[in-house]
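Structure, as structure tokens:
Every number for a ligand or one of its atoms is a count from 1 in the order of the listing.
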Amino acid sequence: MTEEPAKRPLAARRGGPLRGVATVPGDKSISHRALILGSLAVGETQIRGLLEAEDVLHTARAMRALGADLLRDGDGQWRVWGRGVGGLAEPDEVLDFGNSGTGSRLVMGAVATTAMKAVFHGDESLRRRPMQRVLEPLTLFGATYSARAGGLMPVSLHGASRPIAIEHDVAVASAQVKSALLLAALNAPGRTRISQRALTRDHTEKMLAAFGAKLAVQPLDDGEAIEIDGEAELKPASIDVPRDPSSAAFPLVAALIVPGSEMTLPGVLLNPRRSGIIETLQEMGADISVANACDSGGEQIGDLVARASALKGIEVPPQRAPAMIDEYPILAVAAAFAEGRTVMRGLEELRVKESDRLAAIVAGLRANGVTVEETEDGMAVEGRGGDGVAGAGMVVTHVDHRIAMAFLVMGLAARAPVTVDDTTMIATSFPAFEEVMRGLGAMFEVGT
Ligand code: S3P
């Protein structure tokens, strides 16, 4: 079972400019999907650049427990021999997903239309996150479940022995829910139709097509619908995982707010449904350019080049939220160093992430002398300009990697050091964060 490790506080303080090449790890969303779809294909799937962080490693262990063969050949290089759609085996152990909402929810989808019982569990953060949003629509396929009050883990899921195709509109702006339903549909005879208002990340759709699933995406006046044929036969694929824009956002913002900095971030995923942060920072006056843009296995990638910039506050369009939903903690930090007010709305989903991220961001900003107004679905940050953030605060991370990384970046440009109460959970998404940042010139002190 998930053990909660001892906490490791860290302080970040101002030093010289950050310079050099920031190599960030493989994309977390694509890494989970590559392991899961590889496990549902027949034959050998090859993956290069897999994110070898705790979240993804939990998914790898779960797929092994469900009967797939997964072999690590070297850094980020994996081979997966799948069981075929409908071929996953009942696990004889509890599936422990650690901190990972994506891993757990996607695997729930993969299990829901195969006759088996599986128990899903996770760490203290994951045990607080809502699972009903996935479990309820999975019952339409014929699955049943039991969970703690409020749809919380541990969850026991009984996959349908005679699944049926469904038509369902996903009300929440969640790619995890959409993806879970698409994975469940693979083993449901007939054609399933999933629609959604929000244009959430589309990696599952793209990768399903690469594995040979039959699916069609139709634009709607308000959103889109995906039709997918069940009883699919997935063939193996060869996948190069691009680098994660959600991890890149931390060194990227550090380059913007630490005077004199200049940084290159090679090979970052530039899927338009993930790159809202770049557009937003550019609107704030950030000097970010893209070089060597190209296509890699159906995804756009490119090198980001960023230089220290005078930022200004803006109104971030709420409809852009799905394309940068994980980037609000670091955007709020950038906003603190801007001149003027930055208004962010449409962020109700932030309340159910690894922590109540809105509350955690607001508390962290206030602890470091930044004025911020919190509403139910957003915040307005009063920027203090390039040299105006006091710092000296202690930030409570609530087992949330992105809160930890965002406030460490704040400390690199604040007047006094910023301390985060724990950094162990950064290993869930970006294990080399500290090393990469130190390599660029960042000043961190352990245990202060
Ligand atoms: C993810 C979807 C998002 C995002 C998460 C990864 C995915 O969650 O926050 O980090 O890989 O599908 P929601 O689907 O809950 O919005």
Side-chain angles (χ1 to χ4, degrees), residues 25-37 50-51 53-56 58-59 97-110 122 125-126 128-138 151 170-184 194 196-208 223 226 241-242 244-250 269 271 273-277 299 318-331 346-358 360-361 377 399-403 405-406 425-426 428-430:
D27 186 70
K28 183 149 72 70
S29 295
I30 293 179
S31 295
H32 284 295
R33 287 160 172 80
L35 294 179
I36 296 169
L37 284 178
L50 187 86
L51 169 65
E54 278 306 316
D55 274 14
V56 175
H58 276 103
T59 293
F97 285 90
N99 196 252
S100 182
T102 307
S104 56
R105 290 173 174 145
L106 266 55
V107 175
M108 284 177 189
S125 152
L126 192 55
R128 287 193 296 260
R129 299 182 68 185
M131 294 295 145
Q132 253 158 356
R133 51 176 51 205
V134 180
L135 293 165
E136 273 307 308
L138 288 177
V170 180
V172 277
S174 164
Q176 293 175 3
V177 176
K178 171 181 70 175
S179 300
L181 299 181
L182 292 174
L183 293 174
I194 305 296
Q196 195 171 39
R197 305 278 83 77
L199 299 180
T200 58
R201 66 193 68 193
D202 55 2
H203 309 305
T204 308
E205 297 89 303
K206 286 189 165 170
M207 210 183 280
L208 277 166
I226 303 146
V241 182
D244 197 328
S246 298
S247 295
F250 299 103
L269 174 70
N271 180 320
R273 296 198 185 183
R274 294 289 300 285
S275 54
I277 185 68
E299 293 282 8
Q319 63 276 15
R320 198 181 287 161
M324 52 180 293
I325 194 65
D326 290 335
E327 281 63 79
Y328 284 92
I330 192 62
L331 177 62
L347 308 185
E348 46 285 300
E349 278 295 305
L350 284 196
R351 299 231 177 250
V352 291
K353 293 293 176 192
E354 286 82 331
S355 65
D356 174 345
R357 268 192 189 150
L358 260 182
I361 294 168
D377 78 327
V399 204
D400 189 329
H401 54 136
R402 300 200 201 282
I403 297 297
M405 290 187 276
M425 85 310 270
I426 291 176
T428 61
S429 69
F430 193 169

Q: Run the salt-bridge test on Asp27 and Arg201 with the 4.0 Å N-O cut-off and return the result as yes or no.
A: no
Q: Using a strict 4.0 Å threshold on nitrogen-to-oxygen distance, state whether Arg357 and Asp326 make a salt bridge.
A: yes
(Q) Measuring from atom 14 (O) of ligand 1, which candidate in Ala198, Ser429, Ser174 has the nearest non-hydrogen atom? (A) Ser174
Q | Among Lys353, Glu327, Gln176, Arg357, closest by any non-hydrogen atom to atom 16 (O) of ligand 1 | A | Lys353
Q.
For Arg274, run the side chain to side chain contact (heavy atoms under 4.5 Å, CB included) check against Pro322, Pro242, Ser246 and tell me which one passes.
A. Ser246
When you measure from the side chain of [X] to the backbone N and O of [Y], does any donor-acceptor pair fall under 3.5 Å?
X: Ser125; Y: Glu354; answer: yes
X: Arg129; Y: Val352; answer: yes
X: Arg273; Y: Thr200; answer: yes

Q: Look at ligand 1 and say whether Arg33 reaches it with a heavy atom at a distance under 4.0 Å.
A: yes
Q. Mind checking whether Leu106 has an N or O less than 3.5 Å away from an N or O of ligand 1?
A. no
Q) Do ligand 1 and Ser179 have nitrogen or oxygen atoms that lie under 3.5 Å from each other? A) no
What atoms of ligand 1 come within less than 4.0 Å of a heavy atom belonging to [X]?
X: Asp326; value: 4 (C), 5 (C), 9 (O), 10 (O)
X: Ala173; value: 16 (O)
X: Thr102; value: 1 (C), 5 (C), 6 (C), 7 (C), 11 (O)
X: Ile325; value: 9 (O)

Q: For ligand 1, indicate whether the residue His203 contacts it via side chain, backbone, both or neither (heavy-atom separation under 4.0 Å).
A: neither
(Q) Side chains of Lys28 and Thr102: any donor to acceptor distance under 3.5 Å? (A) no
